Trainee: 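Following this message is one structure expressed as structure tokens.
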Amino acid sequence: NRSQPSKGEVTRQRLLKHACREFARLGFHSTKVSNIVKASGLSQPTFYIYFDSKEAAYEELVHEFRRRLRVITEDLLIQKPIGGEALVKSLQYSFTTFLSFLAEDPDLTEIGLFQPPGCTETKASLAVWIADNIAQEQDLGVFSKDVDALTIARCFVGMIDQAARVSPNEMALGELAMGCARVLCKGIGQ
């Protein structure tokens, strides 16, 4: 039985929600604490009870985004040898999982994956986490060792980055994920 969050935690989460929205809307450098508190309907002194600076709020948001991405990545490790269409379906599931997570909170995705200053470190970290999975999967024989794991992972991250920018009106998530999986598994040759 989980108790209700305290009033302080509710206020803190409200500030984070509005900080996220303002960072996504204005960018990190153009966002001021005054933008965040105005959007949240709270005061600057209240903001400073919970955060030392806008940087602290930003770092907390981006850190949580990365933490969740890492957990997702670790959960997607292929743990037994598979190939053929089963591998394509497994990669489709991986892409669908990533893209669904990124679509859950567009503002957090904007600041965590697309906008500087956090995007570069997020993508580099994601590539390393995916490379860790791929190296283990290469040892299982799931993927060829002809290309090193980090190179494959960087391609995977690039595909996620671009696929996450596709409007749901433009292409269905499953179709997009399957396209990414097929390119990764089968290449683009005849």
Side-chain angles (χ1 to χ4, degrees), residues 1-77 94-136 149-151 153-168 173:
N1 186 344
R2 190 169 176 198
S3 63
Q4 292 288 356
S6 68
K7 183 179 176 193
E9 187 54 32
V10 169
T11 300
R12 188 174 197 291
Q13 289 305 314
R14 181 172 162 188
L15 285 165
L16 280 172
K17 175 182 148 194
H18 289 284
C20 188
R21 185 169 298 138
E22 293 303 300
F23 288 132
R25 186 174 70 86
L26 300 171
F28 172 77
H29 295 293
S30 296
T31 300
K32 297 174 178 38
V33 171
S34 60
N35 302 119
I36 297 167
V37 296
K38 181 179 180 186
S40 69
L42 298 167
S43 67
Q44 284 202 16
T46 300
F47 178 89
Y48 287 110
I49 289 170
Y50 298 97
F51 304 100
D52 292 336
S53 62
K54 78 170 186 179
E55 290 83 359
Y58 176 85
E59 284 301 320
E60 184 169 328
L61 289 162
V62 172
H63 175 78
E64 178 59 17
F65 178 77
R66 289 180 189 145
R67 185 196 68 73
R68 291 173 60 200
L69 261 181
R70 185 167 194 166
V71 168
I72 288 167
T73 304
E74 290 169 353
D75 288 348
L76 291 173
L77 174 68
S94 293
F95 278 107
T96 300
T97 301
F98 279 118
L99 294 173
S100 295
F101 166 71
L102 296 173
E104 278 174 22
D105 189 339
D107 291 337
L108 189 57
T109 296
E110 182 66 29
I111 69 169
L113 190 67
F114 297 140
Q115 284 184 4
C119 65
T120 303
E121 185 180 332
T122 298
K123 289 175 192 173
S125 295
L126 182 56
V128 168
W129 304 328
I130 291 171
D132 288 345
N133 281 7
I134 291 171
Q136 292 177 63
L150 188 56
T151 299
R154 286 177 174 145
C155 292
F156 199 106
V157 171
M159 294 169 86
I160 291 169
D161 175 80
Q162 289 301 302
R165 298 171 193 263
V166 173
S167 160
L173 180 69

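Here, residue 1 is the first one in the sequence, and each next residue gets the next number. Small disclaimer: the values here were computed from a predicted structure and weren't measured.
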Trainee: Under the ring-ring contact (aromatic ring centres under 6.0 Å, His included) rule, collect the residues that match up with Y50, sequence neighbours excluded.
Mentor: none
Trainee: Are any non-hydrogen side-chain atoms of F156 and T73 less than 4.5 angstrom apart?
Mentor: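 In short, these two side chains do not touch, never coming nearer than 4.5 Å.
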Trainee: If every non-hydrogen atom of L15 is compared with every non-hydrogen atom of F51, which pair is closest and at what distance?
Mentor: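 What the structure gives for the nearest pair is CB-CE1, 3.9 Å.
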Trainee: Would T46 and V37 count as a side chain to side chain contact (heavy atoms under 4.5 Å, CB included) here? Give the steps.
Mentor: CA-CA 8 Å; T46 300; V37 296; over 6 Å; no
Trainee: Does F28 have K54 sitting over its ring (NZ/CZ under 6.0 Å from centre, angle to axis within 45°)?
Mentor: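 The answer is yes, since K54 meets both limits relative to F28.
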Trainee: Are F23 and I36 close enough that some pair of their side-chain heavy atoms sits under 4.5 Å apart?
Mentor: yes
Trainee: Measure the CG-CZ distance between D161 and R154 for me, rounded to the nearest 0.5 Å.
Mentor: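 Separation between the atoms: 14.5 Å.
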Trainee: Hey, does the side chain of E22 reach the backbone of K32 with a donor-acceptor pair shorter than 3.5 angstrom?
Mentor: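 Side chain of E22 to backbone of K32, a donor-acceptor pair under 3.5 Å: no, none is there.
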Trainee: Taking atom CZ of R165 and atom OG of S167, what is their separation to the nearest 0.5 Å?
Mentor: 14.0 Å
Trainee: Donor-acceptor pair, distance only, cut-off 3.5 Å: does the side chain of S40 make one with the backbone of R14?
Mentor: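 No, S40 side chain to R14 backbone: no donor-acceptor pair under 3.5 Å.
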Trainee: Using the side-chain contact (heavy atoms from CB on, under 4.5 Å) rule, pick out the option among R67, R68, E74 that qualifies with R70.
Mentor: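 Result for side-chain contact (heavy atoms from CB on, under 4.5 Å) with R70: E74.
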Trainee: For residues 107-118, which residue pairs pass the salt bridge (Lys or Arg N to Asp or Glu O under 4.0 Å) check, not counting sequence neighbours?
Mentor: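 Counting only pairs at least two positions apart or across chains, the salt bridge (Lys or Arg N to Asp or Glu O under 4.0 Å) contacts touching residues 107-118 are R21-D107.
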Trainee: Which atom names give the shortest non-hydrogen contact between L77 and Q136, and what distance separates them?
Mentor: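 Smallest interatomic distance, heavy atoms only, reads CD2-OE1, 3.5 Å.
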Trainee: What is the minimum heavy-atom distance between L173 and S100, and which atoms define it?
Mentor: CD2-OG, 3.3 Å
Trainee: Considering all heavy atoms of both residues, which atom of F47 and which atom of A57 are nearest to each other, and what is their separation?
Mentor: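 Closest heavy-atom pair between F47 and A57: CZ-CB, 4.2 Å.
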Trainee: Could you tell me the separation between the CD1 atom of I160 and the CG atom of L113, rounded to the nearest 0.5 Å?
Mentor: 8.5 Å
Trainee: Any non-hydrogen side-chain atom of T122 less than 4.5 Å from a side-chain atom of V62?
Mentor: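 Result yes, sub-4.5 Å side-chain heavy-atom pair found.
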Trainee: Contact between F98 and L76 at the side-chain level, heavy atoms closer than 4.5 Å - yes or no?
Mentor: yes
Trainee: Tell me the closest heavy-atom pair linking S30 and N35, and the distance in Å.
Mentor: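 S30 and N35 have their closest heavy atoms at O-OD1, 3.7 Å.
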Trainee: Any idea which heavy atoms bring F65 and L108 closest together, and the distance?
Mentor: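 In terms of heavy atoms, the two residues are closest at CD1-CG, 3.7 Å.
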Trainee: Suppose we screen for salt bridge (Lys or Arg N to Asp or Glu O under 4.0 Å). Which residues come up paired with E121, at least two apart in sequence or across chains?
Mentor: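 Partners of E121 under the salt bridge (Lys or Arg N to Asp or Glu O under 4.0 Å) test: R66.
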Trainee: Rounded to the nearest 0.5 Å, what separation is found between the OG atom of S94 and the CD1 atom of I130?
Mentor: 8.5 Å
Trainee: Does CG in D75 sit with more than 12 non-hydrogen atoms of other residues, nucleotides or ligands closer than 6.0 Å?
Mentor: yes
Trainee: If you count the non-hydrogen atoms of other residues, nucleotides and ligands that lie under 6.0 Å from NZ in K123, is the total more than 12?
Mentor: yes
